[in-house]
Amino acid sequence: MAQPSPAPVRICPCCDGFASVAITLGGRDRNGNRRTITAHCRTCHGTGTTPPLRTLLDTAATAAFTSR
């Protein structure tokens, strides 16, 4: 008996799955560590994936037909 395969993961088209990055501000702190900030992808909110297509379609249909 074959095991079911998991659903494919939808990778975010904006960040290609690299949802969070550390950006150096230049310079170092007192301990010698680089000063950095973390930036997250605005589309996927730092997860690297997007919701399943069905969820996106349901959300779009709800917004289109209830906006009046």
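Side-chain atoms are counted along with the backbone in the values below, which use heavy atoms only and exclude waters and symmetry mates.
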J.: Could you pull out all donor-acceptor pairs under 3.5 Å where a side-chain atom in residues 40-47 meets a protein atom, sequence neighbours excluded?
T.:
unit_1, atom_1, unit_2, atom_2, d
His40, ND1, Ser20, OG, 2.7
Thr47, OG1, Cys44, O, 3.0
Thr47, OG1, Thr49, N, 3.4
Thr47, OG1, Thr49, O, 3.2

J.: Can I get a per-line list of side-chain donor-acceptor pairs under 3.5 Å for residues 25-34, giving both atom names and the distance, sequence neighbours left out?
T.:
unit_1, atom_1, unit_2, atom_2, d
Arg28, NH1, Gly32, O, 2.9
Asp29, OD1, Asn31, N, 3.1
Asp29, OD1, Gly32, N, 3.1
Asp29, OD1, Asn33, N, 2.9

J.: Output all residues satisfying side-chain hydrogen bond (donor to acceptor under 3.5 Å, both in side chains) with Thr59, sequence neighbours left out; order by chain, then residue number.
T.: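 For Thr59, no residue satisfies side-chain hydrogen bond (donor to acceptor under 3.5 Å, both in side chains) once neighbours in sequence are set aside.
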
